[in-house]
Amino acid sequence: MNLPNLSDARVRTKDKSIIKRDDYVVPSSVKDIGRNKYYHILTYGCQMNVHDSENIGAIMEDMKYTRVDDMDKADVIVINTCAIRENAHNKVMGMLGRIKHLREIRPDIITIFCGCMAQEEGISKELKDNYKWVDIVMGTHNIHKLPLYMEELVNNKKQEIEVFSIEGDIIEGIPVKRDSKYKAWVNIMYGCDKFCTYCIVPYTRGKQRSRLPEDIINEVNELVKSGYKEVTLLGQNVNAYGKDLDINYNMANLLEDVSKTNIPRIRFVTSHPWDFTEEMINVISKCDNIMPYIHLPIQSGSNRILKLMNRRYTKEEYITLFNKLREYMPNCSISTDIIVGFPGETSKDFKETLDVVNELKFDLAYTFIYSPREGTPASNMKDDTTLEEKKDRLSKLNKLVNKYALLNNKKYKNKIVDVLIEGESDKNGKYMGYTDTMKLVNVSCDKKYVGSIVKVKITDVKTWSMDGVVVDD
Ligand code: SAH
Ligand code: SF4
Ligand code: F3S
């Protein structure tokens, strides 16, 4: 058993990350244990977690388990958790209640708890003390060891908890079963060293560590060979890519090299304004297959709050960067993240956030009420704004954000845009996909277009989506 702890999770040394290429093994005793059995994965949180679940799915299939969409039919239930806010946490605890109930009917169900919540000291201890029926608890650093934990479980029939509070290594060679045949997630780096004062990620995911460029390019080349149309390069802070490597190679270099693979579409998330260089903007604007869409979290429009958040930029610096992006790429869409109700946020601070939204008119903004996370510096800051007031701020902000989302979408009416058709839409008989600029479009077209990038004429626009018809028949 190995439990996580907060003080180790905080540590950052100057040590270089180690790349491990042979650490994923499936012992012969579990190579077949999943034959005629089913697994179900529940995924919470960000794209990183979605991609981890694609790895976990492949690992389960290496043990011959078959995926099932209906949780009630599963022999193994994997719950891949997120710790970013309290409500993510509550959803997971509610789901554990449901799984417990299922187990009362079928006691042989195996439950695996993983992801960022497992990395929390309090949660893993709670699972150990009060959720003995959860069979395996593993953290974000060791999903590749799942077959070994399955072996232990078969042999010992008791709860297996292994969560490491370490800076972390780079594990290559974990198999992946991708959810889509057209769009793929590709990790370019793990962890985060920014330590924004509200955020738990640096504690749950370890230090910033970049994969080697050749490993990334090889992965993208394989995807091109398999017919993939789009890759999204993943990291908590992708612009800092390469800073921890010994070679002189940065995000701009990586983008240029990924562009040369000729994959039709390249996206990347998430960009921190701090590391966004002019060199990067140059590359993005000159390479046609790098999509003109940037997710650039601002978090707040108040310099006082940005400082308390340890975001390392001022509102003015953010605006300068935003304008530069628009100058190089006039049609580029820009979305953001905003937190309201950070400890000590006054109505004046909040008004500054509204002002900056009015000035920049984001294409989209993901908005959140600040949620204290245990162990982060902000959770000890004085917070005397009531929840009611915070909810009121959120609703005012959302109104404004939605207004600009619609206004930006209106520019698309009657325009012809490229859409990668991904599959059926939940709108009757239509197909869905995204534009270069990441606008969701419900398209009236034939099924044969699924998996292709097609020209679509936009016939109607709403706040969250658009409607269109294929024009290049
Ligand atoms: N690495 C990304 C963000 C990852 S978390 C970045 O730095 O931009 C995604 C978003 O969740 C953050 O941008 C922030 O807006 C929000 N978030 C993170 N911690 C939060 C907290 N404690 N309470 C509320 N929102 C939070
Ligand atoms: Fe969290 Fe900040 Fe790192 Fe983003 S950059 S993951 S918000 S600590
Ligand atoms: Fe959540 Fe962990 Fe992602 S906390 S947002 S799943 S990095």
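Both ligands and their constituent atoms are indexed starting at 1 by order of listing.
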(message) Using a 4.0 Å cutoff against the non-hydrogen atoms of Gln236, which atoms of ligand 3 qualify?
(response) 7 (S)
(request) Output yes when Lys194 and Asp275 qualify as a salt bridge under the 4.0 Å nitrogen-oxygen rule, no when they do not. (result) yes
(message) For Glu126, is the CD atom crowded, meaning more than 12 foreign heavy atoms sit under 6.0 Å from it?
(response) yes
(message) Give me the nearest non-hydrogen protein atom to atom 4 (S) of ligand 3 as residue plus atom name, then the distance to 0.1 Å.
(response) Ala83 N, 3.3 Å
(message) Please check: side-chain N/O of Tyr313 versus main-chain N/O of Ile298, any donor-acceptor pairing under 3.5 Å?
(response) yes
(request) Please indicate whether Tyr38 has more than 12 foreign heavy atoms, meaning atoms of other residues, nucleotides or ligands, lying under 6.0 Å from its OH. (result) no
(request) Flag the pair Arg312 and Asp193 as a salt bridge only when some basic side-chain nitrogen lies within less than 4.0 angstrom of an acidic carboxylate oxygen. (result) no
(request) Would you mind listing which atoms of ligand 3 come within a distance below 4.0 Å of any non-hydrogen atom of Cys116? (result) 2 (Fe), 4 (S), 6 (S), 7 (S)
(message) Suppose we call two aromatic rings close when their centres sit under 6.0 Å apart. Are Tyr404 and Phe362 close by that rule?
(response) no
(request) State plainly whether the residues Arg304 and Glu352 are in salt-bridge range, i.e. N to O under 4.0 Å. (result) no
(request) Decide whether the shortest distance between a heavy atom of Met48 and an atom of ligand 3 is less than 4.0 Å. (result) no
(request) State plainly whether the residues Lys207 and Asp15 are in salt-bridge range, i.e. N to O under 4.0 Å. (result) no
(message) Is it the case that the ring center of His141 lies less than 6.0 angstrom away from the ring center of Tyr190?
(response) no
(request) Output yes when Asp355 and Lys348 qualify as a salt bridge under the 4.0 Å nitrogen-oxygen rule, no when they do not. (result) no
(message) Residue by residue, ordered by chain and number, which ones reach under 4.0 Å of ligand 2 with a heavy atom?
(response) Cys192, Lys194, Phe195, Cys196, Tyr198, Cys199, Val201, Pro202, Gln236, His272, Arg311
(request) Describe, in one word, how the ring planes of Tyr249 and Tyr241 are oriented to each other, choosing from parallel (under 30°), tilted (30 to 60°) and perpendicular (over 60°). (result) perpendicular
(request) Could you tell me whether Arg21 and Asp215 have a side-chain N and a carboxylate O separated by less than 4.0 Å? (result) yes
Any protein N or O within less than 3.5 Å of an N or O in ligand 1? List each pair with its distance, or say none.
{"unit_1": "ligand 1", "atom_1": "1 (N)", "unit_2": "Gln236", "atom_2": "O", "d": "2.7"}
{"unit_1": "ligand 1", "atom_1": "1 (N)", "unit_2": "Gln236", "atom_2": "OE1", "d": "2.8"}
{"unit_1": "ligand 1", "atom_1": "7 (O)", "unit_2": "Arg311", "atom_2": "NH1", "d": "3.3"}
{"unit_1": "ligand 1", "atom_1": "11 (O)", "unit_2": "Arg85", "atom_2": "NH1", "d": "3.0"}
{"unit_1": "ligand 1", "atom_1": "13 (O)", "unit_2": "Gln299", "atom_2": "NE2", "d": "2.8"}
{"unit_1": "ligand 1", "atom_1": "13 (O)", "unit_2": "Asp337", "atom_2": "OD2", "d": "2.6"}
{"unit_1": "ligand 1", "atom_1": "15 (O)", "unit_2": "Gln299", "atom_2": "OE1", "d": "2.7"}
{"unit_1": "ligand 1", "atom_1": "17 (N)", "unit_2": "Arg85", "atom_2": "NH1", "d": "3.4"}
{"unit_1": "ligand 1", "atom_1": "22 (N)", "unit_2": "Tyr198", "atom_2": "O", "d": "3.0"}
{"unit_1": "ligand 1", "atom_1": "22 (N)", "unit_2": "Ser371", "atom_2": "O", "d": "2.8"}
{"unit_1": "ligand 1", "atom_1": "23 (N)", "unit_2": "Ser371", "atom_2": "N", "d": "2.9"}
{"unit_1": "ligand 1", "atom_1": "25 (N)", "unit_2": "Arg85", "atom_2": "NH1", "d": "3.3"}

(request) Around atom 1 (Fe) of ligand 3, find the nearest protein heavy atom and jot down its residue, atom name and distance. (result) Cys82 SG, 2.4 Å
(request) Specify the protein heavy atom at minimum distance from atom 3 (Fe) of ligand 3: its residue, its atom name, and the distance to 0.1 Å. (result) Cys46 SG, 2.3 Å
